[in-house]
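In what follows, residues are counted from 1 in the order of the sequence shown.
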Amino acid sequence: MEKIGMKEAAERIKKAQKITFLTGAGVSTPSGIPDYRSLKGIYQGHEQPEYLLSHEAMVQEPEKFYQFVQQLYHPDAQPNVIHKVIAGLEKEKAVWLVTQNIDGLHEKAGSKNRINFHGSLYSCSCRKCGCPVPWTSYVVSDRHEDCGGQIRPNIVLYGEGFQEKVLEDAVSAVEQAETIVIVGTSFQVHPFCDLLAYKQPQAEIIVVNQTPISLFEPYAFVEADGVNVFQQIEEIKE
């Protein structure tokens, strides 16, 4: 691990031509969305949060599942400078984004080359008839008014597998990058953290996080709030 300052990290990211961003919950906390496992996170007070967000709970205890998932919705949250800078860089160079976040903020910011690795809360469907259902209907009721089936958000729950296309697109995003920027994640959740196995041998890794992460690869680390680093990227003139 090579420790670097915010200014150097900002300059390296701005200068890179083929970048893949791998983002986690720390990217959205400045927008007012609590992360999953911090003391102030949404899991606080729940003894079995993984169960409440599982396929088993959705099927066996749909009411508990529904009540818990409602807490994840923050439709008024707005993209912060991290989301905006990533979307802006996409207009200047080859940029890909693979996010663990299900909050839709990267989409709101305008990122097009985006892989929602764990899905999105703002995409819902009926488990009975398979029809897409607006998320605005889901937050009112978990029953589809057309057929009475259970509505679910299209996110990857505990106990569920990943769609092949999502995995393929994420691997492709990592393979194409000359610079990989990991932002706001402990990088411990599989298979997200396994994506680095597909990077090019010469690709540089920059980690922007409040704490170091454990990687088998050498990486440049800036110990900082991502907001401060991305603010500096925004301020760099060509």
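Side chain of Q60 to main chain of M58: no donor-acceptor pair is present (N/O by atom type, distance under 3.5 Å, no hydrogens or angles). The closest donor-acceptor contact from the side chain of S31 to the backbone of Q78 lies under 3.5 Å. Side chain of K93 to backbone of K14: a donor-acceptor contact under 3.5 angstrom is found. One N or O on the side chain of S54 and one on the backbone of A57 form a donor-acceptor pair closer than 3.5 Å. At distances below 3.5 Å, at least one donor-acceptor pair connects side-chain atoms of K128 with backbone N or O atoms of C147. When atom types are taken as modelled, the side chain of Y66 and the backbone of Y138 share a donor-acceptor pair closer than 3.5 angstrom. Remark: the backbone N or O of I182 is not paired with any side-chain donor or acceptor of Y219 at under 3.5 angstrom. At distances below 3.5 Å, at least one donor-acceptor pair connects side-chain atoms of E90 with backbone N or O atoms of N113. Put simply, the side chain of N101 never gets that close to the backbone of D103: no donor and acceptor are under 3.5 Å apart. Remark: the backbone N or O of I151 is not paired with any side-chain donor or acceptor of D142 at under 3.5 angstrom.
Heavy-atom contacts from other residues, nucleotides or ligands closer than 6.0 Å to NZ of K18 number 12 or fewer. Residue-environment remark: CD (E235) exceeds the threshold of 12 foreign heavy atoms within 6.0 Å.
Contact of the V69 side chain with the L121 side chain is registered, since non-hydrogen atoms from C-beta on lie closer than 4.5 Å. Residues H106 and I86 have side chains in contact (heavy-atom distance under 4.5 Å, counting atoms from C-beta outward). Side-chain contact between F21 and I13 is present, with heavy atoms from C-beta onward closer than 4.5 Å. In this structure the side chain of Y73 reaches within 4.5 angstrom of the side chain of P153, judged on heavy atoms. Counting heavy atoms from C-beta on, the side chains of W96 and V98 never come closer than 4.5 Å. Side-chain atoms of N116 and T99, non-hydrogen and from C-beta on, do get closer than 4.5 Å to each other. At least one side-chain heavy atom of F187 sits less than 4.5 Å from a side-chain heavy atom of L22. When side chains are defined from C-beta on, Q200 does not count as touching E178, because their heavy atoms never get closer than 4.5 Å.
In this model, no donor atom of one side chain and acceptor atom of the other lie less than 3.5 Å apart for S120 and E107. A side-chain donor-acceptor contact under 3.5 Å links E61 and Y51. For D35 and T29, the side-chain atoms include no donor-acceptor pair closer than 3.5 Å.
The side-chain hydrogen bond (donor to acceptor under 3.5 Å, both in side chains) test with Q150 singles out one residue from R127, H144, R143, and that residue is R127.
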Would you give me the side-chain donor-acceptor pairs under 3.5 Å for residues 161-176, sequence neighbours excluded?
| residue | atom | partner | partner atom | Å |
| --- | --- | --- | --- | --- |
| K165 | NZ | D169 | OD1 | 3.4 |
| K165 | NZ | D169 | OD2 | 2.6 |
| S172 | OG | Q176 | NE2 | 2.9 |
| Q176 | NE2 | S172 | O | 3.2 |

List, one per line, each side-chain donor-acceptor pair under 3.5 Å for residues 220-231, sequence neighbours excluded.
| residue | atom | partner | partner atom | Å |
| --- | --- | --- | --- | --- |
| E223 | OE1 | K3 | NZ | 2.9 |
| D225 | OD1 | V227 | N | 2.9 |
| Q231 | NE2 | E234 | OE1 | 3.2 |

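Criterion: ILVMFWY side-chain heavy atoms under 4.5 Å apart, direct or through other members. Under it, V183 and L215 are not part of a common hydrophobic cluster. If you chain together hydrophobic residues whose side chains sit under 4.5 Å apart, V27 and L89 fall into the same group. There is a path of hydrophobic side-chain contacts, each under 4.5 Å, that joins Y158 to I155.
A salt bridge links E160 with R152: the closest approach of a Lys/Arg side-chain nitrogen to an acidic carboxylate oxygen falls below 4.0 angstrom.
Closest approach of A177 and A203 over heavy atoms only: O-CB, 3.6 Å. Summarising the geometry of G130 relative to S125, their closest heavy-atom pair is O-CB, 4.4 Å, with the distance given to 0.1 Å.
Here OH of Y122 is found 11.0 Å from OG1 of T136. Values are rounded to the nearest 0.5 Å.
A search for side chain to side chain donor-acceptor pair (under 3.5 Å) contacts involving E2 returns R12, not counting sequence neighbours.
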